[in-house]
Amino acid sequence: MDVEREARRQVAVLKARTVDLLVEEELYRKLCRSLRTATPLRVKLGLDPTAPDLHIGHTVVIHKLREFQALGHHVIFLIGDFTGMIGDPSGRSETRKPLTAEQIQQNAETYKRQIFKILDPERTIIEYNSRWGKALGSEGIITLAARYTVARMLERDDFQKRYAEGRPISLHEFLYPLLQGYDSVALRADVELGGTDQKFNLLVGRELMRESGLEPQVIMTLPILEGLDGVQKMSKSLGNYIGIDEDPQTIFGKAMSIPDGLIVRYMELATAIPREEIEAVRTGMADGTVHPRDAKVRLAMGLVAQYHSAEAAEEAARWFAQTFSARQFPEDAGVVRVDEALIKDDGQVWIIQLITHCGKGTISSSEASRLVRQGGVKLDGAVVSDREYRLRLDREHQLQVGKRRFYRVLPSK
RNA sequence: GGGGAGAUACCCAAGCGGCCAAAGGGGGCAGACUGUAAAUCUGUUGGCUCAUGCCUUCGGAGGUUCGAAUCCUCCUCUCCCCA
C-alpha cells in the first residue's frame with residue numbers, strides 16, 4: 001500500500017466540514033506513522049456530563065469521530081466527571097453551577113448508551129477523567145496552574161468579555177482548560193475534537209503535551225449547530241434541541257419546525273444524507289423547484305431513520321401529514337383516564353380541571369384558563385371558549401390543548 | 001484594609017412609602033395567516049373552581065409604619081476605584 005497516498009486521502013476525508021485543523025501537516029505525519037506501524041490513532045472527545053441527553057448538535061462532532069473509526073482509528077470517549085465539577089466556561093457568560101456526584105454518574109450512563117447509536121463500540125474506549133484528576137491532588141493542581149498565566153487565560157473571548165463587562169469570573173474557571181489539557185497528556189491523545197467554542201481548551205492541551213515532552217495533539221474543530229430557533233446554539237438548557245433519544249414523532253416534528261435557512265445546514269452537519277442529494281436540495285430551493293417544506297420532510301425523515309429506522313421515518317412522516325397538514329386528531333394520542341375525584345355530583349368535569357389533569361403538572365389552572373380564553377382548546381374538534389364549560393364523560397373525548405398537545409380522554413372505568 | 005455602586009419576575013431592565021403581581025423590551029405561549037417555516041398582526045405571560053377575593057414573589061433575616069420592592073439594621077453575594 002502506498003502509505004503516503006493513503007494518508008493524504010485520509011486527511012482529505014477527515015478535513016471535510018471542519019472549521020480548524022491544526023496542524024494539517026502533523027495530522028498527515030501521524031497518519032503515515034499509524035499506517036506504517038499499523039497502530040490506530042487515539043482520537044479524543046471529551047464531554048462533560050452536564051446535560052443528561054445528547055442532541056444532534058453534539059452529533060456533529062460524533063459523526064466526525066465515526067469517520068475516524070471508519071478509517072480504522074480508535075476513539076477515546078472521555079467523560080469529564082472530574083472537569084464536570086468545574087463546568088466548562090466556554091461560551092458562557094456566567095459561571096456554571098457545579099453538579100453533584102450522583103448527577104454526573106447518571107448523566108455519564110446516559111451518554112454511554114447514546115453515543116453507540118453512532119459510534120462503533122469495537123473501536124471506542126470509554127474513560128473518566130476523575131481517574132487521573134483525583135490523583136492530581138492539590139499539589140498537582142498548583143503545578144498545573146503554574147504553567148499558564150492570567151494574561152493568557154484572559155485572551156479567551158468569553159473571559160475577556162466577562163471581564164470587560166464587569167461580570168464575575170470565578171477563579172476555578174481558569175482551571176478548566178488546564179485540566180482538560182491535562183486529560184490529553186494523560187491519554188496521550190493524537191487528535192482531539194471539539195466544537196469551535198472549544199478551540200482555546202484544545203490548544204491548551206497541545207501546549208501542555210509539548211511541555212510534558214509528548215508529541216502535541218492535532219486539534220480539529222467543527223461547527224456549532226444552531227438550535228431550532230436558528231439563532232442560538234443548540235442546547236438542552238435553551239430548550240431548542242432535538243435529542244437523539246427522542247421518539248420518532250418528536251424528532252420529526254421538531255425538525256419540521258426549524259427555519260428554512262437551517263435546512264441545508266442540518267442536513268450537512270447532522271445527517272447521513274449523501275452530499276449530492278444535499279446539493280440538489282440546496283440548488284432546488286434556490287431556484288424554486290424544491291419546496292422548502294419537502295426538503296424539510298427529507299431532513300426530518302433522515303434524522304428519524306438515523307436514530308430509529310427507515311420504517312419509523314415513514315411512519316412519522318405519515319403521522320405528521322395527518323396530524324398537522326390534514327389537521328386530524330392523532331390516533332395514538334396519549335390516553336388519559338379521569339379520576340373519579342374530578343367528576344362532580346352532576347357527573348360532569350370542569351374543562352379547566354380536565355386540562356390541568358391531562359397536563360400532569362405542566363399546565364396550571366390559570367394557564368388552562370388563559371388557553372381557553374384564547375381559543376387554544378378544542379374538544380372533539382370544536383373550540384371551547386367558555387371557561388365554565390362542563391363535560392359529561394360517558395365516552396371517549398378528544399382534547400387538544402394548544403398546537404401540539406393531544407389527549408384521548410376516557411372515564412376512569 | 002479603605003471608599004463607592006449594585007442584587008427586581010424566564011432574561012434584560014424601570015420603579016424608590018399606598019394607584020405594584022410590579023412599566024418597557026426580549027423570550028415563551030395562544031390566535032390569525034401558513035408549510036406546526038420565516039415575517040407580520042393580535043392577545044397573553046406567578047398561583048388558586050375566576051373572586052371589586054385570597055396566597056406567593058422584588059438577594060436573606062429582622063425592624064419602622066395603618067401600609068414597604070421602596071425607609072432602617074444586620075447578613076450573603078457581585079462589580080468598580082484606592083491600598
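Within every chain, numbering begins at 1; the chains are lettered A, B, ... in the order of the sequence lines, protein sequences first and strands thereafter.
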Determine the interatomic distance between [atom1] on [N] and the same-named atom on [M]; round to the nearest Å.
{"N": "G3(B)", "M": "C11(B)", "atom1": "C1'", "result": "32 Å"}
{"N": "G24(B)", "M": "U45(B)", "atom1": "P", "result": "11 Å"}
{"N": "A39(B)", "M": "U8(B)", "atom1": "P", "result": "29 Å"}
{"N": "C16(B)", "M": "A21(B)", "atom1": "P", "result": "15 Å"}
{"N": "A68(B)", "M": "G17(B)", "atom1": "C1'", "result": "6 Å"}
{"N": "G31(B)", "M": "U78(B)", "atom1": "C1'", "result": "43 Å"}
{"N": "C66(B)", "M": "G60(B)", "atom1": "P", "result": "25 Å"}
{"N": "G4(B)", "M": "C58(B)", "atom1": "C1'", "result": "23 Å"}

May I ask which nucleotide in the shown strands pairs with [N], Watson-Crick or G-U wobble, both distances under 3.5 Å?
{"N": "G1(B)", "value": "C82(B)"}
{"N": "G18(B)", "value": "C66(B)"}
{"N": "U44(B)", "value": "G28(B)"}
{"N": "A9(B)", "value": "none"}
{"N": "A51(B)", "value": "none"}

Can you tell whether the side chains of [X] and [Y] come within less than 4.0 Å, N to carboxylate O?
{"X": "D394(A)", "Y": "R392(A)", "answer": "no"}
{"X": "E25(A)", "Y": "R8(A)", "answer": "yes"}
{"X": "E173(A)", "Y": "R156(A)", "answer": "no"}

Gap between atoms [atom1] and [atom2], on [X] and [N] respectively (whole Å):
{"X": "D229(A)", "N": "C29(B)", "atom1": "CG", "atom2": "P", "result": "11 Å"}
{"X": "R167(A)", "N": "A7(B)", "atom1": "CZ", "atom2": "C1'", "result": "13 Å"}
{"X": "N240(A)", "N": "C29(B)", "atom1": "CG", "atom2": "P", "result": "12 Å"}
{"X": "R162(A)", "N": "C79(B)", "atom1": "CZ", "atom2": "P", "result": "10 Å"}
{"X": "E165(A)", "N": "U78(B)", "atom1": "CD", "atom2": "C1'", "result": "14 Å"}
{"X": "R405(A)", "N": "G28(B)", "atom1": "CZ", "atom2": "P", "result": "15 Å"}

- prompt: On the ring face of F324(A), is K403(A) found with NZ or CZ under 6.0 Å from the centre and within 45° of the axis?
  reply: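 Judged by the rule (NZ or CZ under 6.0 Å from the ring centre, within 45° of its axis), K403(A) is not positioned above F324(A).
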
message: Between N240(A) and D229(A) (side chain of the first, backbone of the second, donor and acceptor by atom type, cut-off under 3.5 Å), is there such a pair?
response: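 Pair absent, no side-chain N/O of N240(A) close to backbone of D229(A).
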
query: Where the side chain of D48(A) meets the backbone of D81(A), is there a donor-acceptor pair that is under 3.5 Å apart?
result: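 Checked: no pair found.
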
- line: Quick tally for nucleotides 33-49 of chain B: nucleotides whose base has a protein heavy atom under 4.0 Å get B, sugar-phosphate-only ones S, the rest -, giving -BBBB-----BSS-SBB

query: Quick check, are the ring centers of F174(A) and F159(A) under 6.0 angstrom apart?
result: yes

field: Residue whose closest nucleotide on RNA chain B lies nearer the 5' end, G166(A) versus G402(A)
entry: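 The residue whose closest nucleotide sits nearer the 5' end is G402(A).
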
message: Exactly one of Y307(A), W319(A), F320(A) should register a ring-ring contact (aromatic ring centres under 6.0 Å, His included) with F252(A). Which one does?
response: F320(A)

